[in-house]
Amino acid sequence: MDKRTFLQGGLAVGALAMTAPAAALAQAKAEGRKLGYAMLGLGYYATQIIMPRFAECEHSRLTALVSGTPEKLAKYGAQYGVPERSRYSYETFDRIIDDPAVDIVYVVTPNSLHRTFTERAARAGKHVMCEKPMATSVADGEAMIAACKAAGRKLMIGYRSRFEPHNLDAIALARGGALGPVATIVADHGWTASDPNMWRVKKALSGGGSLMDIGIYSLNAARYLTGEEPIAVNAMESTDRRNPVFAEVEDTINFQLLFPSGATANCVSTYSANCNRYRVSGPKGWVEIDPATSYGGQAMRANLDGQAKARTPPAVKKSQFAGQLDHLSECILTGRDPIVPGEEGLKDLRIIEAIYKAAREGRTVKL
């Protein structure tokens, strides 16, 4: 074979390889093949935010429900046409191994239960979508990744903002050089917590306070805007222990991240103020979103040419929720890895543990 023939053959093989994922998706769509999700945990986020979005999905559908509340199973089973045979309690969940309609289990429970249900889903041969934070400790996160790898199943973490158009645009601007080298990020996330009985302020269920709940958005945004991993953290906590809401967990943590490029991030996580925003800046300009990572209503401003003005990001076909659901289905159908796999969640957990340590010990913690 001469060089020209060899190169032409190689290019042809490369072209076929590159189109294989698209061909797999096209075939699945032509066959009407949608992967089945089991929603595990039927709280507000699952029932009011996620489940209605299956109507937008191209490659995903709701096929099973898992809950400890029989009334919820009956109500939402009837609403979404889920047959009784595909409605499970937490005790009967392991029978899902025999349910061919279920390809993926979406774990939306209190944080401390993420590990056990991820492991049980993997043993049942199901892929897993798990809400963030993926676990309450690095050790549990590592065990979840290991369980899915041992079962040959995919594990994806529910970082929905990675599928939201304003955040996608901010990532493109920050990493694409429109701002120059990223110099600073300011990210504030919080809401006002007032119920001392909610699971989010019970350490055994949540693993921590605001940082494990809303503060992870500031942390994750700093990482996805820079495309880097921090090398050092500082932190300071402020909590009024006289308030029964904070009997077990922290209220406010201010933390700083240092990245290898020299970029810094100043972040706030709080249960005492309503905020949801970030700004990323460089020598050529800045971009900010407020609100940034909410369920909807994002608003963007940018200064890219010496003038601050509103910015509309490029449109996407699906909501961040449907985009997230379909992304895992598409990865399963095409054999690709999710953009937010278990390893992504584990990175956040390692940094969260370092932030807690920095606040507790009053010193810089190197990573």
Side-chain angles (χ1 to χ4, degrees), residues 36-57 60-82 86-93 96 102 104-121 126 128-136 140 144 155-161 163 189-217 245 248-249 271 274 276 293-296 319-322 324-325 328 345:
Y37 271 84
M39 293 300 301
L40 192 156
L42 298 180
Y44 175 83
Y45 185 68
T47 61
Q48 305 304 307
I49 304 299
I50 295 295
M51 286 161 54
R53 300 296 185 168
F54 279 102
E56 302 174 30
C57 291
S60 312
R61 62 191 181 108
L62 180 63
T63 56
L65 301 171
V66 187
S67 174
T69 307
E71 293 78 11
K72 288 184 178 180
L73 289 173
K75 174 183 177 180
Y76 294 110
Q79 181 177 340
Y80 287 94
V82 176
S86 293
R87 303 175 194 174
Y88 303 90
S89 68
Y90 294 136
E91 291 74 25
T92 63
F93 169 69
I96 208 166
V102 176
I104 304 162
V105 174
Y106 193 158
V107 180
V108 195
T109 64
N111 304 336
S112 64
L113 300 176
H114 288 181
R115 173 180 174 175
T116 184
F117 283 112
T118 294
E119 290 177 331
R120 288 169 70 179
K126 310 303 181 182
V128 179
M129 174 87 76
C130 181
E131 264 308 306
K132 58 193 176 304
M134 70 179 294
T136 57
D140 280 359
M144 293 161 66
L155 171 60
M156 175 174 159
I157 310 303
Y159 289 108
R160 56 182 169 75
S161 293
F163 305 92
H189 282 81
W191 60 280
T192 305
S194 58
D195 181 3
N197 297 312
M198 65 178 178
W199 70 262
R200 296 181 187 280
V201 296
K202 303 299 182 183
K203 192 168 185 179
L205 293 174
S206 63
S210 72
L211 183 59
M212 294 292 284
D213 176 25
I214 191 71
I216 195 171
Y217 287 96
V245 173
E248 299 180 25
V249 300
Y271 270 158
N274 296 314
N276 188 310
T293 60
S294 56
Y295 295 160
S319 69
Q320 56 185 315
F321 311 103
Q324 171 183 280
L325 292 167
L328 180 53

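Residue numbers run from 1 in the order of the sequence given.
- Phe54 places a side-chain heavy atom less than 4.5 Å from the side chain of Met39.
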Check: Run the side-chain contact (heavy atoms from CB on, under 4.5 Å) check on Tyr37 and Leu328 step by step: do they pass?
Finding: CA-CA 10 Å; Tyr37 271 84; Leu328 180 53; 3.6 Å; yes

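- Atom NE2 of His189 and atom OH of Tyr271 lie 13.5 Å apart (nearest 0.5 Å).
- Under the 4.5 Å side-chain criterion, counting only non-hydrogen atoms from C-beta, Leu42 is in contact with Leu73.
- When all heavy atoms are compared, the tightest approach of Ala46 to Pro52 is O-CD, 4.5 Å.
- In this structure, Trp199 and Asn111 have side chains that are in contact, with non-hydrogen atoms separated by less than 4.5 Å.
- Here the closest heavy-atom approach between residue Tyr44 and residue Tyr295 is recorded as CE2-CE1, 4.4 Å.
- The backbone N or O of Gly209 sits nowhere less than 3.5 Å from a side-chain atom of Ser206 that would complete a donor-acceptor pair.
- Between Lys126 and Val102 the shortest side-chain heavy-atom distance falls below 4.5 Å.
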Next item on the list: Starting from the C-alpha separation in whole Å, work towards a yes-or-no answer on side chain to side chain donor-acceptor pair (under 3.5 Å) for Arg160 and Gln320.
Entry: CA-CA 6 Å; Arg160 56 182 169 75; Gln320 56 185 315; 3.1 Å; yes

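- We find that Arg115 and Glu119 are joined by a salt bridge, their nearest charged nitrogen and carboxylate oxygen being less than 4.0 Å apart.
- Remark: aromatic rings of Tyr45 and Tyr106 are distant, center separation not under 6.0 Å.
- Thr69 contributes no side-chain N or O that, together with a main-chain N or O of Glu71, makes up a donor-acceptor pair within less than 3.5 Å.
- Between Ala74 and Arg87, the shortest heavy-atom contact is CA-NH1, 3.8 Å.
- Put simply, the side chain of Met129 reaches to within 4.5 Å of the side chain of Gln324, judged on heavy atoms.
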Notebook entry, point to check: Taking it one step at a time, do Met51 and Leu65 satisfy side-chain contact (heavy atoms from CB on, under 4.5 Å)?
Noted result: CA-CA 10 Å; Met51 286 161 54; Leu65 301 171; 4.1 Å; yes

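- Nearest heavy-atom pair, Val245 versus Val201, reported as atom, atom and distance to 0.1 Å: O-CB, 3.4 Å.
- Counting heavy atoms from C-beta outward, His114 and Thr109 have side chains that approach closer than 4.5 Å.
- Taking 4.5 Å as the limit, some side-chain heavy atom of Ile216 sits within range of a side-chain heavy atom of Tyr159.
- Leu205 contributes atom CG, which lies 10.0 Å from atom OG1 of Thr136 (distance to the nearest 0.5 angstrom).
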Notebook entry, point to check: So Phe321 and Ile49, side-chain contact (heavy atoms from CB on, under 4.5 Å) or not? Walk me through it.
Noted result: CA-CA 8 Å; Phe321 311 103; Ile49 304 299; 3.4 Å; yes

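- Distance check: Phe163 CZ to Ser319 OG gives 11.5 Å after rounding to the nearest 0.5 Å.
- Atoms CD and NZ, from Glu248 and Lys202 in turn, are 5.0 Å apart once rounded to the nearest 0.5 Å.
- How far OH of Tyr90 is from CG of Leu40: 5.5 Å, rounded to the nearest 0.5 Å.
- For the residue pair Phe93 and Ala121, the shortest heavy atom distance occurs at CE2-N, 3.8 Å.
- Nearest heavy-atom pair, Ser294 versus Asn276, reported as atom, atom and distance to 0.1 Å: N-ND2, 3.6 Å.
- The side-chain heavy atoms of Leu325 and Ile50, taken from C-beta on, include a pair separated by under 4.5 Å.
- For Ser86 (side chain) and Ala64 (main-chain N/O), no donor-acceptor pair under 3.5 Å exists by modelled atom type.
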Checklist line | Pair Thr118-Met134, side-chain contact (heavy atoms from CB on, under 4.5 Å): steps then yes or no | finding: CA-CA 10 Å; Thr118 294; Met134 70 179 294; over 6 Å; no

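- Annotation: the span from Arg53 atom CZ to Leu62 atom CG amounts to 14.5 Å, rounded to 0.5 Å.
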